[in-house]
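Below is one structure, written out as structure tokens; comments come after it.
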Amino acid sequence: MRPLHLARLGAITLLVGSLAACGGDDDSGGGGGGDSSGGGGAPWILGTTDTVTALDPAGSYDLGSSTLEYNLYQTLVTVPAKSTEIVGDAAEGCTYDDPETLTCTLKEGLTFSNGDELTSSDVKYSFERSIAIQDPNGAAIYLLGSITDTADDGTVTLNEGAIETPDDLTVVFHLDHPDTTFQYVLTYPGAAAIVDEDVFPADTKLDDESIIGSGPYKLSQYKAGEQAVLEINDEYSGENAGQSAQVFVKYYSEPSALKLAAENGEVDVAWRSLSPTDIADLKNNDAVTVATGEGSEIRYWVWQLSTDAAKQLPVRQAVAQVYDREAIAQDAYDGTVDPLYSIVPPGYAGQKDSYQEAYGEPDVAKAKKILDDAGISTPVDLTLGWTPTHYGPSTEDEANEVKRQLEDSGLFTVTLKSTEWEQYQTISKEGAYDLFLYGWFPDYPDADDYLSPFLIDGGFFQNNYKNPEAEKLIADEQGTDDEATREEAFGKLQDIAAKDVPFIPSWVGTNIGVYGAGITGVEDTLDPAFIFRFWLVSKDG
């Protein structure tokens, strides 16, 4: 989840003989500068239209959930704002002993917000339970492939001996293949947040209202869809101490309501998601500041290959041939986003506009030939799915624009269907739609994060796509720190995606926050990671 030009950073020169620790003493390790006292600033309110799937890390893999989780939990290592260097969080650092062995040493004296001691046993338990719970909306079963095995029926199990805890402060990960990206996975709370083994049940998710962590803030109140109240965690002793005693998060169902709240001072910060016209209006309002940071948020459409239409490669290729990203960017988003021609956004080393190379400009005649050559009669019936709240107000505009493009070609008849996010995640995996819209915010700073979660075992969205060549290329690029080798593999993977079309990239956007008088620190956290670090923000008292 980090800035651009992220291929093989200094922290990845990690093969035997040139191993480097994930630094824990770096001055760039957050906004607290090592001072854990914090909490003197006035309370402030963040307004958002994001939705929360779960606050138990075992059951979440979405931005709304991780926004709170980054502030409530610790991971072993982390990447600070506007940095690409891995530094210690709960751990002093992590070191590759060899390409398949990563050792992390915990800081001494760590405790959860309830006063329980945090040890290596809690770390091991956190990984074990997330994998055992097998929540399809969780990240662990998708991101922890280096320490897990996936059966033919999709069941994911932790490899025997994958995690060792020789003492209270040491955690050793034994990977089943060389993987230079595993250290980055450890920075993402959905896969690697540390929970209290005496509080979180081993076989089921904990209620949102009951969760506790060891991060800079603790949860004091939570009402799903309405409000979360976070308070300073007095037990926290890390480098990201919060500056305000309380942070309130208010959830809005409509961007228009969020805009009005920002204008009226009902929220101090508005972050995700305002419509393009709302943002334009707010830029003309002297009472607020509209801040923009670099972003790597993407939107893409996923084919569910279990359906009769989507399983046909010519159908997928024909849709890709008529798909007009420029029209979507302009007509659905007023030019506030850029067309995306690869699942990997621009700026990442190894990125390649493979869909543009494969299909060029939208062309109905070429699309018709693809279908005619395959003997597929037209129009082809397609069901397109989208979710009305989770991705903001322009999602419906995008869905309607895609429907218009496909039907105007004369090659397709489109039925649009929508449902709210929590159900949407489930039924999209079950074949409710031929083609459905998803978004992505990176988990770790590498092009691999836009490829392996999408192309291995049907991807995290479980669309039933499999390609042995792609899976081998991912294993190859994860197993080396040679930059040229990895970039070559990235290019081939993007070409495979354009040929097989398991998904259709749509657009890439920026990171925007709106804040009122007396607020500082918003610009500091607006980076491509899309992590809103509450500890960096303060309000004059």
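Just so it is clear, the structure is predicted and the values come from calculations on it, not from any experiment.
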Derivation of the side chain to side chain donor-acceptor pair (under 3.5 Å) call for T307 and D434: CA-CA 6 Å; T307 70; D434 299 305; 2.7 Å; yes
Intermediate values then yes/no, side chain to side chain contact (heavy atoms under 4.5 Å, CB included), Y323 and S506: CA-CA 9 Å; Y323 196 87; S506 187; 2.8 Å; yes
Audit row: L102, T95, side chain to side chain contact (heavy atoms under 4.5 Å, CB included) steps and yes/no: CA-CA 6 Å; L102 184 69; T95 303; 5.6 Å; no
Residue pair I131, L144: steps toward the side chain to side chain contact (heavy atoms under 4.5 Å, CB included) verdict: CA-CA 9 Å; I131 293 166; L144 297 175; 4.1 Å; yes
T181 and D179: CA distance, side-chain angles, deciding distance, side chain to side chain donor-acceptor pair (under 3.5 Å) verdict: CA-CA 5 Å; T181 68; D179 184 2; 2.6 Å; yes
Verdict with reasoning, Y465 to W303, per ring-ring contact (aromatic ring centres under 6.0 Å, His included): CA-CA 9 Å; Y465 171 75; W303 287 103; over 10 Å; no
Intermediate values then yes/no, side chain to side chain contact (heavy atoms under 4.5 Å, CB included), R316 and L305: CA-CA 10 Å; R316 304 197 303 271; L305 272 65; 3.9 Å; yes
Verdict with reasoning, Y61 to W440, per ring-ring contact (aromatic ring centres under 6.0 Å, His included): CA-CA 10 Å; Y61 197 1; W440 186 256; 5.6 Å; yes
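Looking at heavy atoms from C-beta onward, P136 lies out of side-chain contact with T426 at the 4.5 angstrom threshold. When side chains are defined from C-beta on, C94 does not count as touching Q183, because their heavy atoms never get closer than 4.5 Å. Counting only heavy atoms from C-beta outward, the side chains of V322 and L406 approach each other to under 4.5 Å. Between E164 and H174, the closest side-chain pair of non-hydrogen atoms falls below 4.5 Å. Counting only heavy atoms from C-beta outward, the side chains of T480 and T180 never approach each other to under 4.5 Å. Using a 4.5 Å heavy-atom threshold, the side chains of W271 and T67 count as touching. Between Q351 and P345 there is no side-chain heavy-atom pair separated by less than 4.5 Å. Between H177 and S146, some side-chain heavy-atom pair lies under the 4.5 Å cut-off.
One N or O on the side chain of Q312 and one on the backbone of D308 form a donor-acceptor pair closer than 3.5 Å. The backbone N or O of T75 lies less than 3.5 Å from a partner atom in the side chain of D89, making a donor-acceptor pair. Under the 3.5 Å distance criterion, the side-chain polar atoms of D363 are matched with a main-chain donor or acceptor of K366. Judged by distance alone, with hydrogens and angles left aside, the side-chain atoms of Y355 form a donor-acceptor pair with the main-chain N or O of A497 at under 3.5 Å. Distance alone, capped at 3.5 Å, places no donor-acceptor pair between the Y348 side chain and the D446 backbone. A distance-only check finds no donor-acceptor pair linking the side chain of D443 to the backbone of L186 [under 3.5 Å]. Using modelled atom types, no side-chain atom of Q317 and backbone atom of L371 make a donor-acceptor pair closer than 3.5 Å. Here the side chain of T165 pairs no donor or acceptor atom with the backbone of S121 at under 3.5 angstrom. No donor-acceptor pair under 3.5 Å is formed between the side chain of S65 and the backbone N or O of L55. In this structure, the side chain of Q134 does not engage the main chain of T155 through any donor-acceptor pair within 3.5 Å.
Scanning both residues, Q405 and A327, for their nearest heavy atoms gives NE2-CB, 3.8 Å. Minimum heavy-atom separation, A58 to I133: CB-CD1, 3.8 Å. Here the shortest heavy-atom pairing between A191 and V185 reads CB-CG1, 4.0 Å. A pairwise comparison of heavy atoms in D50 and Y251 identifies O-CD2, 3.2 Å as the closest pair. Closest approach of S120 to V171, counting heavy atoms only: CB-CG2, 3.7 Å. Nearest heavy-atom pair across V364 and L411 is O-CD1, 4.0 Å.
Within the structure, the ring-ring contact (aromatic ring centres under 6.0 Å, His included) test picks out the following pairs touching residues 126-164 (sequence neighbours left out): F127-F173. Pairs of residues two or more places apart, or lying in two chains, never qualify as salt bridge (Lys or Arg N to Asp or Glu O under 4.0 Å) while including a residue from residues 138-162. Applying the salt bridge (Lys or Arg N to Asp or Glu O under 4.0 Å) rule to pairs touching residues 494-503 yields K352-D495, sequence neighbours excluded. Sorted by first and then second residue, the pairs that involve residues 54-74 and meet salt bridge (Lys or Arg N to Asp or Glu O under 4.0 Å), not counting sequence neighbours, are D56-R129. Every pair passing salt bridge (Lys or Arg N to Asp or Glu O under 4.0 Å) that includes a residue from residues 404-424 is listed here, sequence neighbours excluded: E401-R404, K403-E407, R404-D408.
A distance of 11.0 Å separates OG1 of T157 from CD1 of I147, quoted to the nearest 0.5 Å. Summarising the geometry, atom OH belonging to Y359 is positioned 10.5 Å from atom OG belonging to S354; distances are rounded to the nearest 0.5 Å. Rounded to the nearest 0.5 angstrom, T51 OG1 and Y391 OH are separated by 9.0 Å. With rounding to the nearest 0.5 angstrom, the CG atom of L76 is 5.0 Å from the SG atom of C104. The CZ atom of R299 sits 9.5 Å away from atom OG of S394, with the distance rounded to the nearest 0.5 Å.
Judged by distance alone, the side chains of Y125 and D196 never bring a donor and an acceptor atom under 3.5 Å apart. In the model, N137 has no side-chain atom that pairs as donor or acceptor with a side-chain atom of T53 under 3.5 Å. Side-chain polar atoms of Q478 and D448 form a donor-acceptor pair below 3.5 angstrom. Residues E85 and S83 bring no donor and acceptor atom of their side chains to less than 3.5 Å of each other. With hydrogens and angles left out, the side-chain atoms of N511 and E297 include no donor and acceptor closer than 3.5 Å.
Taking the six-membered ring for Trp, Y450 and Y300 have ring centres at least 6.0 Å apart.
Using the six-membered ring where Trp is involved, F461 and F503 have ring planes that are perpendicular, over 60° apart on the 30 and 60° scheme. Ring geometry, Y424 versus Y433: the interplanar angle falls from 30° to 60°, so the pair is classed tilted. Relative orientation of the W421 and Y438 rings is tilted, given thresholds of 30° and 60° on the angle between their planes.
Note on D481 versus R486: no salt bridge recorded, every NZ/NE/NH1/NH2 to OD/OE distance being 4.0 Å or above. Taking 4.0 Å as the cut-off between side-chain N and carboxylate O, D527 and K82 do not count as a salt-bridged pair.
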Contacts under 3.5 angstrom, residues 372-386 side chains, donor-acceptor by atom type, not counting sequence neighbours:
residue, atom, partner, partner atom, Å
D372, OD2, K368, NZ, 2.7
D373, OD2, K369, NZ, 2.7

